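Worksheet: the structure to be examined is printed underneath.
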Amino acid sequence: MKDEEEEKYKWWEENNDNDEIKWHSLKHNGVLFPPEHVPLPSHVKLYYDKKPVDLPIQAEEVACFFDFKKIVLEHGGANVEIESFDKCDFSKIFDHYETQKSLKKSLTAAQKREIKSEKDKFEEKYKYCLLNGRRERVGNFRIEPPGLFRGRGSHPKTGRVKKRIYPEDVSLNLSEDAPIPPPPEGHQWKEIKHDNTVAWLATWRENVTNTVKYVLFAADSSLKGRSDFKKFEKARELKKYIHRIRKDYKKNFSSKVMLERQMAVATYLIDVFALRAGGEKAEDEADTVGCCSLRYEHVTLKPPNTVVFDFLGKDSIRYYQEVNVHEKVFKNLRLFKKSPKQPGDDLFDRLTPNILNKHLQNYLPGLSAKVFRTYNASKTMQDQLDLIPNEGSVGEKVVKYNAANREVAILCNHQRTKPKSHDMGVQRISDNIRELFWQKLRLKRMILELDKSLKKTKPYYFEELDDLSVEEEQAIQDRVIAKEREKATKKFTRDNEKLKTEDSPLLPEAMLEEKLKKIDELAAEYKKELKTRKPEIKSVTVTVEKLESQVEKLEQRIRNATLLLQDKEDNSQVALGTSKLNYIDPRLTAMFSKKYDVPIEKLFSKTLREKFAWAIESADENWTF
DNA sequence: TGTTCCACTTAGTAAAAGTGCT
DNA sequence: AGCACTTTTACTAAGTGGAACA
């Protein structure tokens with residue numbers, strides 16, 4: 001397409017005072033439905049108690065689901081009465097799909113590309129809409145496919161069947177004069193709306209949680225951009241009020257009115273520990289809490305002023321913090337826990353997010369609990385960035401930027417599960433560091449071989465020669481040799497495979513033998529060194545200076561690898577993305593990029609650059625939050 | 001005055017895409 | 001070109017908060 005030539009609409013250069021009206025005209029092509037269920041071939045069946053089962057087609061689609069039995073009955077039952085799930089044998093069906101999967105995988109790269117481009121072409125028209133006459137991207141234009149509901153944490157509805165959505169379930173929203181996208185053959189839309197006070201293009205209701213789902217504009221759209229901008233401007237406005245708010249809640253720690261005390265303590269927790277508002281949750285949802293819904297058992301008090309928070313927050317992510325709090329906060333928490341209160345009871349029994357937000361509105365219209373998270377996240381980022389010296393390589397500056405980002409993520413308790421490959425990766429890097437260290441020691445030993453007197457004149461330089469035990473050196477050598485062997489063998493088989501496809505004569509086995517023999521010799525040499533500590537110097541042109549500069553290079557590599565290792569470890573359970581996407585004012589990143597001369601590409605991915613184009617273009621190197 | 005509904009933002013994870021090696 | 005890993009994007013669940021409803 002000709003995307004790059006198209007003039008990008010710079011909404012931030014226009015002012016827009018009316019945000020009640022979301023659009024003046026809106027045309028789009030509707031939504032993309034998931035592919036129909038492809039019926040199984042007649043020889044692939046579910047077996048019940050060894051007998052083949054003819055399933056209704058809807059039940060066939062959800063074969064394997066928890067409430068499978070229910071779906072079978074709902075659709076008229078099967079030829080066999082299914083009573084016990086244990087007797088169901090899904091293996092034929094499973095195998096069928098496994099075969100299809102591997103068939104797909106075995107396609108050539110060209111075939112895969114072909115399929116992909118067909119798919120892209122088909123989806124193209126759903127990706128964009130016309131918003132006020134301008135072409136803008138649509139977000140999630142795909143209708144969610146049927147499947148099992150995967151709740152987070154221990155959700156009472158985990159595993160229920162999320163039903164297939166038909167056009168009859170979907171309402172569209174567009175201009176009155178916009179053509180109505182034709183529904184799929186033989187179907188009707190549920191409803192056509194023309195409501196320009198809302199920002200959705202399509203909506204339907206999901207059957208498991210009974211919640212409304214929407215098709216919205218993409219993150220880089222003018223509409224989303226404007227609302228993001230407003231969010232950060234509101235958080236910046238809070239700067240002007242935060243001192244008074246803090247003064248007031250400290251005063252109200254001693255209020256005679258219980259509600260005021262609870263409000264004061266809750267505001268303190270939201271402000272200092274970045275807790276969420278914490279609305280009430282229903283019986284059929286996961287038991288998670290935020291500030292206002294904290295219960296007796298979530299807070300443990302340790303005099304004189306230590307509090308242990310331990311609860312499941314949004315997405316059932318654990319919040320565990322042992323912290324020191326303001327002395328009056330401690331006393332108040334003790335009061336809020338006083339008998340007859342017991343486990344299961346609300347800590348803030350007079351308070352709801354609504355009451356709290358109403359109170360906050362008095363300071364600043366539009367101020368609510370969530371604004372504090374945005375404010376404190378961006379404030380923390382600004383403070384952290386201010387500490388970074390403007391020096392060093394781009395890579396080093398990026399590492400420091402990420403460290404600042406991490407502070408914010410920790411404040412907001414943004415976690416992720418440790419990647420599966422993490423422990424292995426850590427092992428690999430630390431092995432590598434020890435290997436580099438060993439290579440460095442060998443160089444230093446060589447230096448002494450060339451000039452023994454240096455040991456006396458530069459003793460500190462050779463101190464670390466004793467830092468490696470014979471056992472460890474042996475272990476490192478073994479690893480190095482094993483790696484060399486593997487490398488040689490792998491290269492040999494690979495080369496031969498290539499020759500085989502070319503119908504060329506293969507390399508003789510002897511060639512590999514030869515290589516391996518060389519490696520054996522190297523191993524013997526190392527083994528000797530283990531005792532003598534005198535590595536053989538193979539080149540006649542070697543000088544002390546040359547070796548010293550090699551040592552320096554190794555030291556730089558060790559420093560880099562150590563930083564990498566530290567970074568990996570620190571990031572293993574912290575998710576940086578969420579705060580970058582939602583909480584840190586992107587103008588801070590734009591400022592950092594300009595002031596520290598770090599290309600924005602190193603800080604923002606392509607989608608983030610698109611989402612935050614307004615920030616990148618409007619903030620200079622002096623911008624402050 | 002509490003509850004439900006609606007619209008939207010925020011969230012972690014699965015899947016896709018990219019990268020850096022041989 | 002393929003592997004092994006990392007980064008980015010897509011997906012959709014789970015929050016927030018204001019308005020409508022009872």
Side-chain angles (χ1 to χ4, degrees), chain A residues 22 108-109 112 116 139-145 147 149-153 155 157-158 162 173 195 197-200 203 205-206 208-219 223-224 227-228 230-231 276-282 285-286 288-293 312-317 352-358 360-361 366-374 377 409 412-417 419-422 424-425 428-429 483 486-495 497-498 501 564 568 571 573-583 604-611:
Chain A
K22 302 293 167 91
T108 66
K112 283 181 195 163
K116 174 102 174 29
N140 53 324
F141 53 85
R142 259 176 261 269
I143 294 288
E144 294 172 15
F149 171 77
R150 309 266 293 176
R152 316 261 167 84
H155 195 295
K157 292 183 171 177
T158 296
K162 229 172 75 170
N173 188 34
D195 183 354
T197 68
V198 294
W200 53 263
T203 183
R205 196 174 281 277
E206 182 264 300
V208 176
T209 54
N210 195 34
T211 50
V212 184
K213 300 280 190 160
Y214 299 94
V215 172
L216 301 164
F217 292 94
L223 231 120
K224 288 276 196 186
S227 107
D228 233 25
K230 263 185 54 196
K231 172 182 78 180
R276 296 187 185 82
E280 281 304 315
K281 294 197 70 186
E285 297 176 280
T288 63
V289 299
C291 184
C292 295
S293 49
L312 297 182
K314 181 176 177 181
D315 291 296
S316 295
I317 295 295
T352 65
N354 200 254
I355 295 169
L356 182 62
N357 287 336
K358 287 251 167 69
L360 294 172
Q361 309 280 319
L367 182 60
S368 63
K370 81 193 270 282
V371 179
F372 283 79
R373 261 168 90 81
T374 313
C412 296
N413 200 41
H414 291 144
Q415 299 185 18
R416 60 167 182 164
T417 49
K420 279 200 294 292
S421 59
H422 174 76
M424 240 170 51
R428 199 164 36 86
I429 298 169
K483 261 200 286 190
E486 204 187 315
K487 221 164 73 184
T489 318
K490 265 199 178 152
K491 183 172 163 34
F492 182 79
T493 28
R494 218 185 17 251
D495 287 353
E497 262 162 28
K498 198 176 162 195
T501 58
L564 186 74
K568 197 183 180 74
N571 274 342
Q573 265 143 288
V574 182
L576 303 190
T578 306
S579 49
K580 209 181 210 181
L581 193 63
N582 300 302
Y583 287 106
F604 279 161
S605 67
K606 180 167 163 283
T607 36
L608 282 189
R609 291 197 297 277
E610 283 163 2
K611 171 176 160 119

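Residue numbers start from 1 in every chain, and the chains themselves are labelled A, B, ... in the order their sequence lines are given, proteins ahead of strands. Quick caveat: nothing in here was measured; it's all calculated off a predicted structure.
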Worksheet item: Would you say dA14(C) has OP1 or OP2 under 4.0 Å from some side-chain N or O of Thr209(A)?
Response: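 Checking Thr209(A) against dA14(C): no side-chain N or O falls below 4.0 Å of OP1 or OP2.
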Item to complete: Give a yes/no answer on whether the side chain of Ser605(A) brings an N or O atom under 4.0 Å of OP1 or OP2 in dT9(C).
Response: yes
To the nearest Å, give me how far apart [atom1] ([X]) and [atom2] ([N]) are.
{"X": "Glu280(A)", "N": "dC5(B)", "atom1": "CD", "atom2": "P", "answer": "17 Å"}
{"X": "Asn210(A)", "N": "dA14(C)", "atom1": "CG", "atom2": "P", "answer": "14 Å"}
{"X": "His422(A)", "N": "dT6(C)", "atom1": "NE2", "atom2": "P", "answer": "10 Å"}
{"X": "Lys213(A)", "N": "dC6(B)", "atom1": "NZ", "atom2": "P", "answer": "15 Å"}
{"X": "Phe604(A)", "N": "dT8(C)", "atom1": "CZ", "atom2": "P", "answer": "12 Å"}
{"X": "Lys162(A)", "N": "dA14(C)", "atom1": "NZ", "atom2": "P", "answer": "10 Å"}
{"X": "Glu285(A)", "N": "dT16(C)", "atom1": "CD", "atom2": "P", "answer": "11 Å"}
{"X": "Lys281(A)", "N": "dT4(B)", "atom1": "NZ", "atom2": "P", "answer": "15 Å"}

Worksheet item: Out of curiosity, Arg373(A) CZ to Arg276(A) CZ, how far, rounded to the nearest 0.5 Å?
Response: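 Spacing of CZ (Arg373(A)) from CZ (Arg276(A)) equals 4.0 Å.
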Practice prompt. Take atom NZ of Lys568(A) as the centre, draw a 6.0 Å sphere, and report whether it contains more than 12 heavy atoms from other residues, nucleotides or ligands.
Written response: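 Enclosed: over 12 neighbouring heavy atoms sit under 6.0 Å from NZ of Lys568(A).
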Worksheet item: Around Lys281(A), counting heavy atoms of other residues, nucleotides and ligands shown, do more than 12 lie under 6.0 Å from its NZ?
Response: yes
Discussion item. I'd like to know if the side chain of Thr203(A) reaches the main chain of Lys213(A), judged simply by a donor and an acceptor atom lying under 3.5 Å from each other, with no hydrogens or angles considered.
Written reply: yes
Discussion item. Can a donor-acceptor pair be found, under 3.5 Å and without considering hydrogens, that links the side chain of Gln361(A) to the backbone of Leu367(A)?
Written reply: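 At least one qualifying donor-acceptor pair exists.
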Please find the pair of heavy atoms, one from [X] and one from [Y], that lie closest to each other, and give the distance.
{"X": "Leu608(A)", "Y": "Leu581(A)", "value": "CD2-CD1, 3.3 Å"}
{"X": "Val574(A)", "Y": "Arg416(A)", "value": "O-NE, 3.6 Å"}
{"X": "Cys292(A)", "Y": "Thr352(A)", "value": "SG-C, 3.9 Å"}

Fill in: Nucleotide nearest Pro145(A) when distance is taken to its side chain, options dA13(C), dT8(C), dT12(C)
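Selected nucleotide (nearest to the side chain): dT12(C).
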Fill in: Closest-nucleotide 5' rank along DNA chain C - winner of Phe141(A) and Gly313(A)
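It is Phe141(A) whose nearest nucleotide is closer to the 5' end.
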Worksheet item: Taking for each residue the nucleotide of DNA chain C with the nearest heavy atom, is it Gly278(A) or Thr211(A) whose nucleotide lies nearer the 5' end?
Response: Thr211(A)
Fill in: Base versus backbone protein contacts along nucleotides 8-14 of chain B [heavy-atom cut-off under 4.0 Å; B, S, -]
BBBSBS-
So [X], base contact, sugar-phosphate only, or nothing? Heavy-atom distance under 4.0 Å.
{"X": "Gly290(A)", "value": "nothing"}
{"X": "Gly577(A)", "value": "nothing"}
{"X": "Arg205(A)", "value": "sugar-phosphate"}
{"X": "Lys157(A)", "value": "nothing"}

Item to complete: With sequence neighbours excluded, tell me which residues meet ring-ring contact (aromatic ring centres under 6.0 Å, His included) with Phe217(A).
Response: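 By the ring-ring contact (aromatic ring centres under 6.0 Å, His included) rule, Phe217(A) matches no residue at all.
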Fill in: Residues that Phe149(A) engages under ring-ring contact (aromatic ring centres under 6.0 Å, His included), provided they are two or more places apart
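Residues passing ring-ring contact (aromatic ring centres under 6.0 Å, His included) with Phe149(A): His155(A).
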Pull out every protein N or O sitting under 3.5 Å from an N or O of nucleotides 3-5 of chain C, one pair per line with the distance.
none

Anything under 3.5 Å between a protein N or O and an N or O of nucleotides 18-22 of chain C, put it in a table, one pair a line.
residue: dG18(C); atom: OP1; partner: Gln361(A); partner atom: NE2; Å: 3.4

Worksheet item: Are Thr209(A) and Lys157(A) close enough that a side-chain donor and a side-chain acceptor fall under 3.5 Å?
Response: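 No pair is found: no donor N or O on one side chain lies under 3.5 Å from an acceptor on the other.
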Item to complete: Kindly write out the residues that satisfy salt bridge (Lys or Arg N to Asp or Glu O under 4.0 Å) with Lys22(A), not counting sequence neighbours, or none if the list is empty.
Response: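 If we apply the salt bridge (Lys or Arg N to Asp or Glu O under 4.0 Å) test to Lys22(A), skipping adjacent residues, there are no hits.
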